[in-house]
Amino acid sequence: MRLPVEYVVPKYQTNLYQAAFAILQDVADAQDAVQMVFIKYHRLNLDYENEDHIRRWLFRSALNQAKDIRRSFWRKNRTELTDDVHQAAALYQDPLDRHLFESVSRLPEKYRVMLQLFYYEEFSIREIAEVTALSEAAVKKRLSRGREMLREMLEEEGSRDA
């Protein structure tokens, strides 16, 4: 099975961007990662089992591409922009959703990515394990720790605001 790029890009670009942003924390780099994944999808012309297989391939490729960008010399040797998280959070209309996204963005990457894939992309634990090449136990542990860190962060913010 092969879906046309004209179908795949509009359907998955926002979700892939959010997954890449969870790793990179940079708007331009996340956009570059997603663009490279779509170019790769178009050029490779692979045959997939079904649309779910395509979806998993796209997310795995986007996460790998984001990690490659993060490791690049250019990224390590430049000044970071501080308002990228706020710019990415603008995708959410509801102020509560925006605040939650910003809070998740402050978590360490390994927890941030798990929460992004589980809650925003609605991947199952098994699918996350496949996409990230981790065991299901590791995915569950990272989800648990990420939730706990997020809960503590939000409780701390709530106690400061009260």
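Predicted model only: the values in this text are computed from it and were never measured. Note that these values count all heavy atoms, side chains included, but never hydrogens, waters or copies made by symmetry.
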### Task
Begin with the C-alpha distance, continue with both residues' side-chain angles, and end with the deciding distance and a verdict on side-chain contact (heavy atoms from CB on, under 4.5 Å) for Val34 and Tyr12.
CA-CA 9 Å; Val34 172; Tyr12 293 106; over 6 Å; no
Would you say [X] and [Y] make side-chain contact, with heavy atoms under 4.5 Å?
X	Y	result
Leu58	Asn15	no
Gln35	Gln13	no
Asp94	His99	no
Thr132	Leu117	yes
Pro108	Met149	yes

Could you pull out all donor-acceptor pairs under 3.5 Å where a side-chain atom in residues 134-144 meets a protein atom, sequence neighbours excluded?
| residue | atom | partner | partner atom | Å |
| --- | --- | --- | --- | --- |
| Ser135 | OG | Ala138 | N | 3.0 |

### Pairing residues for Tyr48 by the side chain to side chain contact (heavy atoms under 4.5 Å, CB included) criterion, not counting sequence neighbours
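Checked Tyr48 against side chain to side chain contact (heavy atoms under 4.5 Å, CB included); matches are Arg2, Tyr41, Leu46, His53, Ile54, Trp57.
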### Task
Taking side chain to side chain contact (heavy atoms under 4.5 Å, CB included) as the test, write out the residues that go with Thr14, two or more places apart.
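Gln18.
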### Query
Listed by chain and number, what are the salt bridge (charged side-chain N to carboxylate O under 4.0 Å, His left out) partners of Arg56, not counting sequence neighbours?
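Residues passing salt bridge (charged side-chain N to carboxylate O under 4.0 Å, His left out) with Arg56: Asp52, Glu130.
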### Task
Please name all residues satisfying salt bridge (charged side-chain N to carboxylate O under 4.0 Å, His left out) with Asp68, sequence neighbours left out, ordered by chain then number.
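Listed in chain order: Arg71.
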### Query
So which pairs with a foot in residues 30-43 pass salt bridge (Lys or Arg N to Asp or Glu O under 4.0 Å), sequence neighbours left out?
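Those involving residues 30-43 do not exist here.
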### Task
Could you note down all residue pairs passing salt bridge (Lys or Arg N to Asp or Glu O under 4.0 Å) where residues 106-115 supplies at least one of them, sequence neighbours left out?
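Sorted pair list: Arg70-Glu109, Arg106-Glu157.
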Please check if [X] and [Y] belong to a single hydrophobic cluster, counting links between Ile, Leu, Val, Met, Phe, Trp and Tyr side chain heavy atoms closer than 4.5 Å.
X	Y	answer
Leu150	Tyr119	yes
Phe101	Leu154	yes
Val5	Leu44	yes

Partners meeting side chain to side chain donor-acceptor pair (under 3.5 Å) with [X] (sequence neighbours left out):
X	value
Asn64	none
Glu155	Arg151
Lys11	Tyr7, Glu51
Arg145	none

Is [X] reaching over with its side chain to a backbone N or O of [Y], donor-acceptor style, under 3.5 angstrom?
X	Y	value
Asp47	Met1	yes
Glu156	Met153	no
Gln25	Phe21	yes

### Message
Restricting to non-hydrogen atoms, name the atom on Ala33 and the atom on Ala20 that form the minimum distance, rounded to 0.1 Å.
### Response
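Looking at all heavy atoms of both residues, the closest pair is CB-CB, 4.1 Å.
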With rounding to the nearest 0.5 Å, note down the distance linking [atom1] in [X] to [atom2] in [Y].
X	Y	atom1	atom2	answer
Leu24	Gln65	CG	CD	9.0 Å
Arg60	Glu127	CZ	CD	13.5 Å
Leu115	Ser103	CG	OG	11.5 Å

### Message
What verdict does the side-chain contact (heavy atoms from CB on, under 4.5 Å) test give for Ile69 and Met36, after you've listed the backbone C-alpha separation in whole Å, the side-chain angles of each residue and the deciding distance to 0.1 Å?
### Response
CA-CA 11 Å; Ile69 290 171; Met36 287 185 256; 3.5 Å; yes
### Task
Quick one: which residue pairs count as a ring pair (Phe, Tyr, Trp, His ring centres under 6.0 Å) with a foot in residues 122-144, not counting sequence neighbours?
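Those involving residues 122-144 are Phe59-Phe123.
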